[in-house]
Amino acid sequence: MGGDPIRVLLVGTGDDFGTELEGDDFDVARIPDLAALGPGADQDAVIVALDDPGPLEALETLRLKTPAAAVLVLTTSDREADGAVALHAGAEDHLVLGSIADGLLPRAIRYAVERRRLRRELATIDEKTRLPNLRGFVAIAEHQLRMANRAGTSVVLLFVRFDDQRTAGASSVLADQLAIEAAEVLLSAIRDSDLPARIADDTFCVLLSGDAKGSEVAVLSRLVEAIAVHDANKPEPQPLALSVGSAIYDPADPVSLEGLLRTAEAEMRPHASET
């Protein structure tokens with residue numbers, strides 16, 4: 001096969017498992033258990049033997065430490081129920097020791113990697129913040145704009161980019177934690193009826209509900225206050241700054257959602273918390 005080898009991590013499987021992966025198509029590493037898995041692990045697939053960890057605990061750990069990797073759980077025949085739980089929770093495949101036919105393992109890994117890639121591409125929810133991602137946001141926001149057209153009411157879109165001095169060279173785990181913190185700050189400043197989304201690693205947008213013209217000023221004020229509270233609660237100075245832009249959708253002069261996003265991004269200006 002051409003291309004880069006598939007990076008596979010075997011967790012707690014024993015040295016005699018996976019010998020057919022030796023060769024140019026796979027780059028195999030082994031660790032004894034999930035405790036040995038460092039943050040920001042860069043793997044295409046992880047095969048984890050479900051021994052001590054429960055299926056949900058194992059999957060949660062792997063999604064936190066290596067979110068892009070396909071997860072294949074490995075069980076003995078008397079623990080097949082754990083494999084079913086892991087599949088239901090989002091694992092890409094379940095393998096049973098003693099029931100893996102010759103040649104099946106490499107094929108199962110390739111299918112799992114492709115399945116994981118498609119899942120991430122087609123997902124509508126950001127895995128870390130649980131907010132809609134760009135795909136999910138577009139579907140809901142376009143419906144909201146159609147409703148605004150029928151009601152003849154304006155809609156405000158906020159484009160929010162969080163800047164944190166810790167993100168430079170940060171591991172993926174730290175970057176994810178910063179995204180979670182930024183999402184919490186954002187949610188504290190908007191109403192339940194507003195539509196927030198994480199559309200890039202450090203970028204969020206919010207479609208403000210109702211006849212929202214002018215409401216962006218109040219939201220910005222609450223955001224600045226929320227950031228000040230966030231910074232004050234940190235044991236060490238870790239300022240979270242933001243840049244905000246806004247755009248108004250006018251049913252009398254409609255534009256596409258893409259155009260609205262471009263306008264809001266172009267209008268971004270930095271804002272700092274008042275400490």
Side-chain angles (χ1 to χ4, degrees), residues 1-128 130 133-136 171-176 201:
M1 286 184 61
D4 295 330
I6 297 174
R7 297 161 298 180
V8 181
L9 179 65
L10 305 181
V11 183
T13 60
D15 293 340
D16 56 343
F17 180 85
T19 55
E20 64 261 57
L21 301 179
E22 297 175 356
D24 295 337
D25 292 342
F26 297 94
D27 180 4
V28 180
R30 299 174 185 268
I31 58 175
D33 50 44
L34 286 175
L37 180 63
D42 191 14
Q43 303 293 335
D44 298 311
V46 177
I47 300 179
V48 56
L50 294 182
D51 187 7
D52 291 334
L56 298 180
E57 178 187 356
L59 196 64
E60 181 180 5
T61 299
L62 289 169
R63 290 297 186 232
L64 176 65
K65 294 188 175 182
T66 180
V71 175
L72 301 88
V73 296
L74 181 67
T75 71
T76 54
S77 58
D78 61 334
R79 291 193 62 177
E80 288 192 47
D82 284 347
V85 170
L87 286 174
H88 183 72
E92 276 64 49
D93 206 349
H94 169 214
L95 306 172
V96 180
L97 277 171
S99 302
I100 305 173
D102 289 344
L104 175 62
L105 184 59
R107 190 161 62 249
I109 292 171
R110 292 190 182 96
Y111 287 160
V113 168
E114 180 64 11
R115 190 176 302 118
R116 180 63 178 161
R117 183 187 67 80
L118 289 173
R119 278 183 172 178
R120 287 170 65 84
E121 285 184 359
L122 298 177
T124 59
I125 299 295
D126 176 61
E127 290 183 338
K128 298 304 175 184
R130 306 309 300 167
N133 59 17
L134 180 59
R135 183 186 183 93
S171 69
S172 61
V173 173
L174 178 55
D176 287 336
D201 287 348

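In this text the structure is predicted, and so the values were computed from the model without any measurement.
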Only counting residues at least two apart or in another chain, list the ones meeting side chain to side chain donor-acceptor pair (under 3.5 Å) with Glu20. none
Steps toward side chain to side chain contact (heavy atoms under 4.5 Å, CB included) verdict (Asp82, Val73): CA-CA 9 Å; Asp82 284 347; Val73 296; over 6 Å; no
Residues two or more places apart in sequence or in another chain: which of them pass side chain to side chain donor-acceptor pair (under 3.5 Å) with Glu121? Arg117
Where Ala45 and Leu72 come nearest, the two heavy atoms and their spacing: CB-CD1, 4.2 Å
Can you list everything that forms a side chain to side chain donor-acceptor pair (under 3.5 Å) with Asp78? Sequence neighbours excluded, please. Thr76
Test of understanding: with side chain to side chain contact (heavy atoms under 4.5 Å, CB included), list the residues that count as partners of Ser99, not counting sequence neighbours. Val96
What pairs with Asp33 under side chain to side chain contact (heavy atoms under 4.5 Å, CB included), at least two apart in sequence or on another chain? Ala35, Ala36
What residues, two or more places apart in sequence or in another chain, satisfy side chain to side chain contact (heavy atoms under 4.5 Å, CB included) together with Arg130? Ile125
State which residues pass salt bridge (charged side-chain N to carboxylate O under 4.0 Å, His left out) with Glu127; sequence neighbours excluded, sorted by chain then number. Arg116, Arg120
Atom CD of Gln43 and atom NZ of Lys65: how far apart are they, to the nearest 0.5 Å? 13.0 Å
Shortest non-hydrogen separation from Asn133 to Ala123 and the atoms involved: ND2-O, 2.7 Å
Residue pair Ala91 / Leu59: nearest heavy atoms and the distance that separates them: N-CD2, 3.8 Å
Is there side-chain contact between Ile47 and Ile109, with heavy atoms separated by less than 4.5 Å? yes
Specify the closest pair of heavy atoms between Arg110 and Asp25, including all atoms of both residues, with the distance to one decimal. NH2-OD2, 3.3 Å
Determine all donor-acceptor pairs shorter than 3.5 Å in which one atom belongs to a side chain in residues 7-19; sequence neighbours excluded.
| residue | atom | partner | partner atom | Å |
| --- | --- | --- | --- | --- |
| Arg7 | NE | Asp44 | OD2 | 3.1 |
| Arg7 | NH1 | Asp42 | OD1 | 3.3 |
| Arg7 | NH1 | Asp42 | OD2 | 2.9 |
| Arg7 | NH2 | Asp44 | OD1 | 2.8 |

Considering the options Leu97, Leu50, Asp93, which one meets the side-chain contact (heavy atoms from CB on, under 4.5 Å) requirement together with Leu74? Leu97
Can you tell me how far apart CG (Leu64) and CG (Leu34) are? Round to the nearest 0.5 Å. 11.5 Å
Could I get the full list of side chain to side chain donor-acceptor pair (under 3.5 Å) partners for Glu92, not counting sequence neighbours? Arg63, Arg119
Can a donor-acceptor pair be found, under 3.5 Å and without considering hydrogens, that links the side chain of Thr61 to the backbone of Glu57? yes
Side-chain heavy-atom pair Leu37, Leu62 within 4.5 angstrom cut-off: yes
Between Ala69 and Val46, the two heavy atoms sitting closest are CB-CG2, 4.0 Å
